[in-house]
Amino acid sequence: MKGRETEVAPSILAADFSRLADQIRLVEKYSDRLHIDVMDGHFVPNLSMGPVVVSSLRPVTKLPLEVHLMVERPDEFIDAFIEAGADRLIFHAEVSDDTRVLIGLIKENGCAAGLALNPETPFTGAEQGLDEIDLLLCMTVNPGFGGQGFLEDVLPKIEEANRALTARGLSVDIEVDGGINPVTAARAKEAGASVFVAGNSIFRDKDPAQAARALAEAVGRRSS
Ligand code: DX5
Ligand code: ZN
């Protein structure tokens with residue numbers, strides 16, 4: 001079974017936007033992809049960034065760019081983010097009646113597709129389309145803001161997802177996002193997560209490179 005390689009994905013939401021390229025360079029060595037949080041002020045009570053940030057970052061790093069769409073109408077933005085250079089688009093199960101249609105739209109453009117579940121949404125919310133996604137994102141905070149505390153209650157859902165995916169032989173990565181640091185990441189890994197998004201614990205550290213390295217080591221990332 002392919003997939004399930006341990007990966008670190010720094011979330012630029014917590015970075016210093018006045019010098020984004022420099023911040024990315026600091027953590028690149030210990031990172032497998034960059035996580036870009038898109039918020040629309042409707043699905044979540046906050047606004048963040050759009051395709052212009054993705055297209056600005058595309059030439060400054062070789063890392064794949066993963067876009068986490070916390071928006072009510074992901075279908076309206078798929079093309080723009082793919083054109084901007086996104087390598088993976090993640091949308092929320094809570095906003096989609098037919099996840100297969102969205103997954104199809106994403107993949108037919110050569111982009112990887114991820115499905116996200118809010119902490120309160122059960123694993124059954126991901127059943128539709130599970131065999132077509134590349135990644136299942138289990139939010140470990142309520143989406144909308146960086147810097148929140150890791151919700152331990154999500155761990156049983158990660159275990160359930162891991163069991164179900166393994167039983168079906170599906171090579172879908174399980175990602176965790178929210179309150180991730182070396183301690184919480186190790187717990188999520190035990191439960192079955194393999195991709196670790198971290199914003200504040202990396203970019204708000206006085207030494208982001210060292211913080212990314214510590215996270216990579218805590219989750220047993222290859223070549224860390
Ligand atoms: C929350 C975002 C997260 C956020 C994580 O809505 O989806 O990606 O940037 O930030 P930390 O790691 O600070 O919880
Ligand atoms: Zn995110």
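First listed ligand is number 1; within each ligand, the first listed atom is number 1.
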field: Atoms of ligand 1 close to Met70 [distance to a heavy atom under 4.0 angstrom, numbered from 1]
entry: 6 (O), 7 (O)

- request: With heavy atoms of His35 as the reference, note each atom of ligand 1 found under 4.0 Å away.
  value: 8 (O)

Numbering as shown, the atoms of ligand 1 that approach Pro143 to under 4.0 Å (heavy-atom distance): 6 (O)

message: Out of the candidates Leu69, Leu136, Leu135, only one should pair with Ile90 under the side-chain contact (heavy atoms from CB on, under 4.5 Å) rule; please name it.
response: Leu135

- prompt: When you check the side-chain N and O atoms of His35 and Glu66, is any donor under 3.5 Å from an acceptor?
  reply: yes

message: Between Asp37 and Ser11, do the side chains contain a donor N or O and an acceptor N or O under 3.5 Å apart?
response: yes

message: Tell me whether Arg221 is salt-bridged to Glu217, with the criterion being a basic N under 4.0 Å from an acidic carboxylate O.
response: no

query: With the Zn ion (ligand 2) as the point of reference, which N/O/S atom of His68 is the closest?
result: ND1

message: Check Arg100 with Asp98, please: is the shortest side-chain N to carboxylate O separation under 4.0 Å?
response: no

field: Whether Phe43 and His92 hold their rings parallel, tilted or perpendicular, with breakpoints at 30° and 60°
entry: tilted

- request: Enumerate the atoms of ligand 1 whose separation from the nearest heavy atom of Met39 is less than 4.0 angstrom.
  value: 6 (O)

message: If we only consider heavy atoms of Ala198, is any one of them less than 4.0 Å away from an atom in ligand 1?
response: yes

message: Is there a polar contact, in the sense of an N or O pair closer than 3.5 Å, between Ser201 and ligand 1?
response: no

- line: Per-atom filter on ligand 1: closer than 4.0 angstrom to a heavy atom of Met139 are 7 (O)

- prompt: Hey, is Arg187 close enough to Glu152 for a salt bridge, meaning N to O under 4.0 Å?
  reply: yes

query: At what distance is the nearest protein heavy atom to atom 12 (O) of ligand 1, and which residue and atom is it?
result: Gly199 N, 2.7 Å

message: Between Met49 and Met39, does the side-chain contact (heavy atoms from CB on, under 4.5 Å) criterion hold? Intermediate values first, please.
response: CA-CA 7 Å; Met49 51 201 126; Met39 304 177 183; over 6 Å; no

task: Considering heavy atoms of the protein only, find what lies nearest to atom 14 (O) of ligand 1 and give residue, atom and distance to 0.1 Å.
output: Gly179 N, 2.8 Å

- prompt: Would you say Arg204 touches ligand 1, if touching means a heavy atom closer than 4.0 Å?
  reply: no

- prompt: Does a side-chain N-to-carboxylate-O contact under 4.0 Å join Asp32 and Arg222?
  reply: no

query: Heavy-atom contact under 4.0 Å between Gly178 and ligand 1?
result: yes

- prompt: In terms of side-chain heavy atoms, does Ser194 have a donor or acceptor partner in Glu7 at a distance below 3.5 Å?
  reply: no

message: Among all protein heavy atoms in this structure, tell me which lies nearest to atom 5 (C) of ligand 1, with the distance rounded to 0.1 Å.
response: Asp177 OD1, 3.5 Å

- prompt: Nearest protein heavy-atom contact for atom 10 (O) of ligand 1: which residue, which atom, what distance?
  reply: Gly146 CA, 3.6 Å

query: Can Thr121 and Asn118 be said to form a side chain to side chain donor-acceptor pair (under 3.5 Å), step by step?
result: CA-CA 5 Å; Thr121 306; Asn118 280 345; 4.8 Å; no

message: How far is atom 6 (O) of ligand 1 from the closest protein heavy atom, and which atom is that?
response: Gly144 N, 2.7 Å

query: Looking at Asp37, which of its N, O or S atoms is the nearest one to the Zn ion (ligand 2)?
result: OD1

- prompt: Can we say Lys107 and Glu132 salt-bridge, meaning some charged N sits less than 4.0 Å from an Asp/Glu carboxylate O?
  reply: no

query: What's the NE2-the Zn ion (ligand 2)-OD2 angle here (His35, Asp177), rounded to 10 degrees?
result: 100°

Polar contact flag for Gly147 and ligand 1 (N/O pairs, less than 3.5 Å): yes

task: Using the test side-chain hydrogen bond (donor to acceptor under 3.5 Å, both in side chains), find all partners of Arg58 that sit at least two apart in sequence or belong to another chain.
output: Asp87

- line: If we number the atoms of ligand 1 from 1 as shown, the ones under 4.0 Å from a heavy atom of Leu13 are 9 (O)

- prompt: Among protein heavy atoms, which lies nearest atom 1 (C) of ligand 1, and at what distance?
  reply: Phe145 O, 3.6 Å

- prompt: Numbering the atoms of ligand 1 from 1, which are under 4.0 Å from a heavy atom of Asp37?
  reply: 2 (C), 3 (C), 4 (C), 7 (O), 8 (O), 9 (O)

message: As an exercise, identify every atom of ligand 1 less than 4.0 angstrom from a heavy atom of His68.
response: 7 (O)

